[in-house]
Amino acid sequence: MRRTLIGAAAVLAGAGLVPAAAEAQAETQMPAAAADASEVALPTGDTVGIAPDGTLELPGGSAFTVGRDPGGDRVVVPLDAVDELAAGEYDTAEFNVDSPGEGFAAASEEAPNLTVTGEWIDGSAPDQLAVSWVRVGTDQGGGPEFVEGGTAELALEPGRYHLVTMMYKGAEEDDADVVSSIQEIRVGENPVEVLVDGSKAKPLGFDLDRETAAESVMLEVFSHGPGHEEGGGAWLGLWAFPGGDLYAVPSVRLGGRHDVGYVLREGLASPEGTADPYSYNLFRKGSGGFRGDLTPPVADEDLARIDADYQSLGAGGVLNRQDLSDHPVYDGWAYSGTGQVALPSSRTEFFTAGPDLTWEHRGWFPYEGGPGSPWDLVHHRSGALEPGSVQDMTWNNAPLSVGIDNNGQDWPPGTFVRWDEYESLYFAPWMFSSATGGEGIHSEYLPGKITLSQDGEVLAQHSEIGLGVSAADVPAGELTLDATADREASWTPLGTRSDAQWTFDYDPAGNPVLPVSVVEFAASGIVNGAATAGAVQDVHLEFAQQPGADAQQCAAMTFDVSFDDGATWTPVPVDRDGNTATAELRLPEHPGFVSVRFTAADENGNTVRHETIRSYAIA
């Protein structure tokens, strides 16, 4: 359940269809939200981004406790603010990120009849305690309740309950330690006292073949009754960067046919200075509560391995790496990080593998100026990985050009799409992308101009690359979309300008994936964003339609090149065979840049023209 209404509304807001929410001004160590995401300012000043796929973008260097209210909305509280929340300085509703300003029903006026006391591993009181609960045999739950110290008082009707708790120490630090528990209790007519005994806690994690340092951790602890729906039952989550030590109290006597247990996602990397860097991004589902070995051995040979080559795009620096592990039952609600990688460099990366787990990978270049500043997201997707498999993956591939392929991501649903669910059309071409090695580059908050017109009449315009328009305002017929973007990025000298125009037939009752295309471009001998001066390159061109569109054959294709940033253009002869073509390109004997321009038409008369200045360099 990753597609939420708030996410969809945010996409349309970012695309200029509806007014966008005011941007939060708090600076963070990582992008707080993408252009197609909603930004929610917590009362603490932290900014939480809600991407359209429902995943959270949380500030780096912080730790958050996450719970769901009875309606299913997520409540995200910085650990270092729990004391103020417990003291009444904040209202829990202010931390509701899915429906900002809407929160819990009024607290029960009944006298408390349950006291939950947490004791830390050494017998001291924890800094904070979070509690959620569900009545056994049902999905009727409550919480989360956050309290300062180790004691929470609740008013529950008589019955059997599962209590889900998290205790925290070191909330003022980046690496807060956590003790989790799930236990079953019975509430009767008389007051009940329950102890969460941290002295019985065991370490929670993974026993790996190699020494590692934690980079991020996500932990979900839950008890969902029969017929579970989003928001029902008991659920607590933790997101921390880099994360501290995790512990759990072993569970006993948990009944009621509940889906009760935990999901642990952890990103780890080799210690700083390791000669041959490596990383792990791991997933584990624990059933029946906290049972069995809570830190089981995980051998490298049982994981999927990716040998990653991180090129630069013509400049040194770092790429911040994150991965999303998605499960058909246990959604990934945030990306887990495995630290920064130097550019250029290589790294061995290990992933939990199995048929029910799919992986999306991304890297982001440092951005400047806070939320709303341009930055690049580099995307790859592995999907489901097999244990023991080995594959190569090259990042930051040039040449750069205009792209329309989401590269396997499930959101947004397309770059040119009739979005029937929201009665709108959405246009968001990727203006400085790569078509090599299954990679896509999505430039967020990219200034420019995008215009939709029909028969010479402008239907909609926007000053950022992303445009939404009500479907009712667009009649059947030929549409023209023009998009132009300029940029100056600190992480690359490439891709300073792209310009594109598409003309295509629009049928309001036809395929919602619109019939648009680009010419995808690959050239031999490009390493770290540059080819060797004087080289003769083998060039491969492909007429590439938007995935999911009605199949069309290429009817015409041209290729031009410029070595003076677009001041003059020279046609390059191509040998086309259907949807693909080849060419040879001789580069100048001196350093500089290669700019590219393409045109193409399909058999139905839909056309595209696009050019990119400084697609790659000549060294």
Side-chain angles (χ1 to χ4, degrees), residues 2 7-8 10-16 30-39 49-55 57 311 313 319-324 335 359-367 371-382 393-417 426-448 450 462 464-468 481 483-492 494-498 500 516 518 520-521 544 546-547 610 612 615:
R2 292 167 56 192
V11 169
L12 301 180
M30 65 177 290
D36 55 357
S38 173
E39 293 179 347
I50 313 294
D53 64 2
T55 56
E57 295 283 5
Q311 300 189 64
L313 286 172
L319 186 73
N320 297 272
R321 277 285 286 113
Q322 296 177 318
D323 302 280
L324 181 69
Y335 281 78
W359 288 96
E360 294 180 18
H361 317 284
R362 76 179 184 186
W364 53 271
F365 284 102
Y367 79 138
S373 297
W375 50 291
D376 274 2
L377 282 171
V378 185
H379 298 267
H380 283 263
R381 182 181 177 90
S382 294
M393 183 177 291
T394 302
W395 288 74
N396 303 327
N397 294 286
L400 302 184
S401 188
V402 175
I404 55 173
D405 191 337
N406 278 4
N407 293 283
Q409 298 177 96
D410 60 0
W411 198 275
T415 49
F416 288 67
V417 65
Y426 179 58
F427 309 93
W430 294 15
M431 300 301 285
F432 303 103
S433 193
S434 171
T436 303
E439 178 173 271
I441 303 176
H442 190 180
S443 300
E444 302 284 9
Y445 291 107
L446 187 62
I450 185 167
H462 196 219
E464 289 182 358
I465 299 303
L467 178 67
L481 188 87
T484 300
D486 294 276
R487 73 169 185 175
E488 185 175 334
S490 61
W491 53 87
T492 179
L494 306 181
T496 57
R497 178 181 175 87
S498 278
V516 296
V518 292
E520 291 189 343
F521 170 53
Q546 182 173 211
H610 61 93
T612 297
S615 173

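Within the model, atoms CG of Asn406 and CD of Gln546 stand 7.5 Å from one another, a figure rounded to the nearest 0.5 Å. To the nearest 0.5 Å, the span separating OG1 on Thr492 from CG on Leu400 amounts to 6.5 Å. Rounded to the nearest 0.5 Å, atoms OG (Ser443) and CD (Glu464) are 12.0 Å apart. The OG atom of Ser434 sits 11.0 Å away from atom CG of Asp405, with the distance rounded to the nearest 0.5 Å. Here the CD1-NE2 distance, from Ile441 to His379, works out to 9.5 Å after rounding to the nearest 0.5 Å.
You'll find the side chain of Leu494 stays beyond 4.5 Å of the side chain of Phe432, heavy atoms only. Leu467 is not listed as a side-chain neighbour of Tyr426, based on a closest heavy-atom distance of 4.5 Å or more.
Shown here for Asn396 and Leu313, the closest heavy-atom pair between the two residues is O-CD2, 3.5 Å. What you find for Gly466 and Ala428 is that their closest heavy atoms are CA-CB, 4.2 Å. Contact between Ile404 and Ala544 at its shortest, heavy atoms only, is CD1-O, 3.9 Å. Residues Ser615 and Pro399 come closest through the heavy atom pair OG-CB, 3.1 Å. Across all their heavy atoms, Ile465 and Ala483 have their closest contact at CD1-CB, 4.4 Å.
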side-chain contact (heavy atoms from CB on, under 4.5 Å) between Val378 and Trp395, intermediate numbers included: CA-CA 8 Å; Val378 185; Trp395 288 74; 3.7 Å; yes
From CA spacing to verdict: side-chain contact (heavy atoms from CB on, under 4.5 Å), Thr496, Thr612: CA-CA 8 Å; Thr496 57; Thr612 297; over 6 Å; no
Candidate pair His610 and Ser401, rule side-chain contact (heavy atoms from CB on, under 4.5 Å), full reasoning: CA-CA 8 Å; His610 61 93; Ser401 188; 3.4 Å; yes
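A donor-acceptor pair under 3.5 Å is absent between the side-chain atoms of Thr415 and the main chain of Pro429, judged by distance alone. Counting only distance, with no hydrogens or angles, the side chain of Ser498 and the backbone of Met431 share a donor-acceptor pair below 3.5 Å.
Evaluated for a side-chain hydrogen bond (donor to acceptor under 3.5 Å, both in side chains) with His380, the options Arg362, His361, Glu439 yield exactly one hit, Glu439.
For His442 and Trp364, the ring centers sit 6.0 Å or farther from each other.
Ring geometry for Trp491 versus Phe365: interplanar angle under 30°, hence parallel rather than tilted (30 to 60°). Aromatic ring orientation, Phe416 versus Phe427: perpendicular (interplanar angle above 60°, classes split at 30° and 60°).
Salt bridge Asp376/Arg487: present, at least one basic N to carboxylate O contact under 4.0 Å.
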